[in-house]
Each structure stands twice: as structure tokens, then as C-alpha cells.
Participant: 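Sharing a structure here in C-alpha cells format.
A, B, ... follow the sequence lines: proteins, then strands. Residue 1 opens every chain. Only this structure's heavy atoms are used, side chains among them; waters, hydrogens and symmetry mates stay out.
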Amino acid sequence: AQSVTQLGSHVSVSEGALVLLRCNYSSSVPPYLFWYVQYPNQGLQLLLKYTTGATLVKGINGFEAEFKKSETSFHLTKPSAHMSDAAEYFCAVSSLNTGFQKLVFGTGTRLLVSP
Amino acid sequence: GAVVSQHPSRVICKSGTSVKIECRSLDFQATTMFWYRQFPKQSLMLMATSNEGSKATYEQGVEKDKFLINHASLTLSTLTVTSAHPEDSSFYICSADYLGQEEKLFFGSGTQLSVL
């Protein structure tokens with residue numbers, strides 16, 4: 001079975017500060033890892049994904065994440081937060097074995113950005 | 001970009017009634033759609049995989065007779081919560097599999113169901 005743990009249901013940063021959202025996963029097979037963002041009253045939107053290859057993945061809106069197998073982590077970072085980054089962020093895992101699109105989600109982290 | 005429309009966004013119903021939630025892919029055809037449920041402070045949990053023209057595949061522990069899924073066309077899947085009870089109150093969200101240049105999932109904005 002696969003699982004995802006997102007540490008911190010809420011993360012608060014100041015505008016311009018580093019954003020770090022933590023995600024650890026558990027998977028007995030090589031994982032596919034995803035970060036999704038959800039803005040109020042909108043559907044989840046894919047930020048970035050890791051399947052194979054380069055472990056540092058760049059996504060939209062200046063976000064990136066690094067797959068660290070030894071730490072079973074896929075933390076999401078952004079060097080400088082913008083007010084528009086305030087949203088709910090979900091980390092998810094799947095695999096070729098379970099089906100690429102059958103996602104197991106974490107509980108989400110709400111990012112709050114203050115001026 | 002591809003859009004998935006989910007309606008209604010919020011519904012309140014009495015215990016014992018049935019509620020239908022629609023998930024439409026607006027500008028692409030989706031042979032596969034997925035239904036998720038999220039209880040407060042918990043993860044989004046996959047309930048079932050809906051394939052156009054065939055029976056849905058339910059995840060372990062999800063009652064297929066209670067959560068009826070119909071995927072009658074390539075752009076519409078519906079989830080009907082039959083004889084809803086307060087414990088069915090949850091956030092339901094659908095996603096559609098876009099088989100374009102790159103396979104992607106597109107999500108609806110979700111439905112908050114409250115059963116009184």
C-alpha cells in the first residue's frame with residue numbers, strides 16, 4: 001500500500017520568504033509523486049510531478065520539488081512567496097503498478113502568505 | 001486548458017434522500033473519471049474509477065449500492081448518493097483522465113454534501 005504524510009496542516013510565510021511544504025511518502029514500488037494546488041472554489045491543479053529521471057522537478061509558478069529516495073521525501077519549495085500562492089497544497093503518490101492516475105493523497109497543507 | 005465542471009458545489013439534504021453529483025469534462029473526452037471523498041482533516045480518498053460504457057470499479061470499503069456511478073458518455077459521469085445519512089456528509093471531488101499529448105488528470109472543484 002502507498003501513503004503520504006504532509007507535515008503541518010497550515011504553513012504561514014511572509015511575502016518574499018522561502019516556501020517549504022513537506023511531503024513524505026511510503027511505497028513498496030517505485031513511486032510517482034505529485035503536488036497539486038487548490039485555490040478557493042476551484043479544482044485541484046497539477047503543480048509538478050516526478051515519474052522517472054531527474055530528481056529535481058520544476059513546476060509552474062516557480063515551484064520545484066526534489067525526490068529523495070533515501071529520505072522518502074518530495075518536499076515542495078519556492079524561493080520567494082507571493083500573495084497569490086496562498087492556497088491548499090496536496091502531495092500525492094501513485095505508481096506504474098497501481099496505475100498512474102490512481103492517486104493516494106496527503107491531508108493537504110494550507111499556505112498562508114502575509115504582506 | 002482542459003476544464004472539468006462539477007455540480008452542485010454545495011448541497012444540503014435530509015437523511016434518507018438521494019443526491020446526484022455531476023462531473024463533466026467540458027472540452028475533452030474522458031474515458032476514465034475518478035471519484036474521491038474527503039472527510040474533515042483527512043486525505044482525499046479514492047472511492048471508485050468510472051469507465052465510459054462499463055461498470056465502475058469501487059475501492060475496498062466503498063458500498064457500490066450506496067454510491068451509484070454512471071458514466072454514460074465520454075464527457076459525463078454522475079455519482080448518486082442513495083439514502084444519504086449524516087455520516088455521508090463529506091467533500092466529494094471528481095477527476096477526468098485527459099489523454100492528450102501528455103496524460104493528465106483534471107479535477108472538478110468539488111461538492112460539499114451535508115446530510116441533516
Participant: Is it true that F39(B) and V104(A) fall in one hydrophobic cluster, defined by side-chain heavy atoms closer than 4.5 Å?
Facilitator: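 Looking at the clustering, V104(A) is in a separate group from F39(B).
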Participant: Heavy-atom distances under 4.5 Å only: say whether Q42(A) touches chain B with side chain, backbone, both or neither.
Facilitator: backbone
Participant: Any side-chain heavy-atom pair from L44(A) and I93(B) closer than 4.5 angstrom?
Facilitator: yes
Participant: Mind listing the closest non-hydrogen atom pair of S43(B) and G106(A) along with its distance?
Facilitator: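 Between these two residues, the closest heavy atoms are OG-C, 3.4 Å.
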Participant: Return yes when atom NZ of K66(B) has more than 12 non-hydrogen atoms of other residues, nucleotides or ligands closer than 6.0 Å, and no otherwise.
Facilitator: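 Above 12, so yes.
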Participant: Verify the cluster assignment for L116(B) and V11(B): are they in a single hydrophobic cluster under the rule of side-chain heavy atoms below 4.5 Å apart?
Facilitator: no
Participant: In terms of hydrophobic clusters joined by side-chain contacts under 4.5 Å, are V4(A) and M45(B) together?
Facilitator: no
Participant: For Q6(B), is it the side chain, the backbone, both, or neither that has a heavy atom closer than 4.5 Å to a heavy atom of chain A?
Facilitator: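 Interface part for Q6(B): neither.
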Participant: Report yes if the side chains of L44(B) and Q38(A) come closer than 4.5 Å at any heavy-atom pair, otherwise no.
Facilitator: no
Participant: Specify the closest pair of heavy atoms between K102(A) and E59(B), including all atoms of both residues, with the distance to one decimal.
Facilitator: NZ-OE2, 3.0 Å
Participant: Would the distance check show the side chain of T107(A) and the main-chain N or O of Q42(B) forming a donor-acceptor pair, the cut-off being under 3.5 Å?
Facilitator: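 A pair under 3.5 Å: no.
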Participant: Side chains of F107(B) and L46(A): does their closest heavy-atom pair fall under 4.5 Å?
Facilitator: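 The answer is no, as the side chains (C-beta and beyond) never meet within the 4.5 Å cut-off.
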Participant: Do L105(B) and Y36(A) come within less than 4.5 Å of each other through their side chains, counting heavy atoms only?
Facilitator: yes
Participant: Flag yes if L7(A) and V37(A) sit in one hydrophobic cluster, no otherwise; membership is Ile, Leu, Val, Met, Phe, Trp, Tyr, and two members link when side-chain heavy atoms are under 4.5 Å apart.
Facilitator: no
Participant: How far does CZ of F90(A) sit from CD of Q38(B), to the nearest 0.5 angstrom?
Facilitator: 5.0 Å
Participant: Compare every heavy atom of Q101(A) with every heavy atom of Y36(B), then report the nearest pair and how far apart it is.
Facilitator: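 Heavy-atom minimum between the residues: OH-O, 3.8 Å.
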Participant: For chain B, find which of G108(A), G43(A), P40(A), S9(A) contributes the most heavy-atom pairs closer than 4.5 angstrom.
Facilitator: G43(A)
Participant: Are L111(A) and L76(A) linked, directly or through other ILVMFWY residues, by side chains that come within less than 4.5 angstrom of each other?
Facilitator: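 Hydrophobic grouping puts L111(A) with L76(A).
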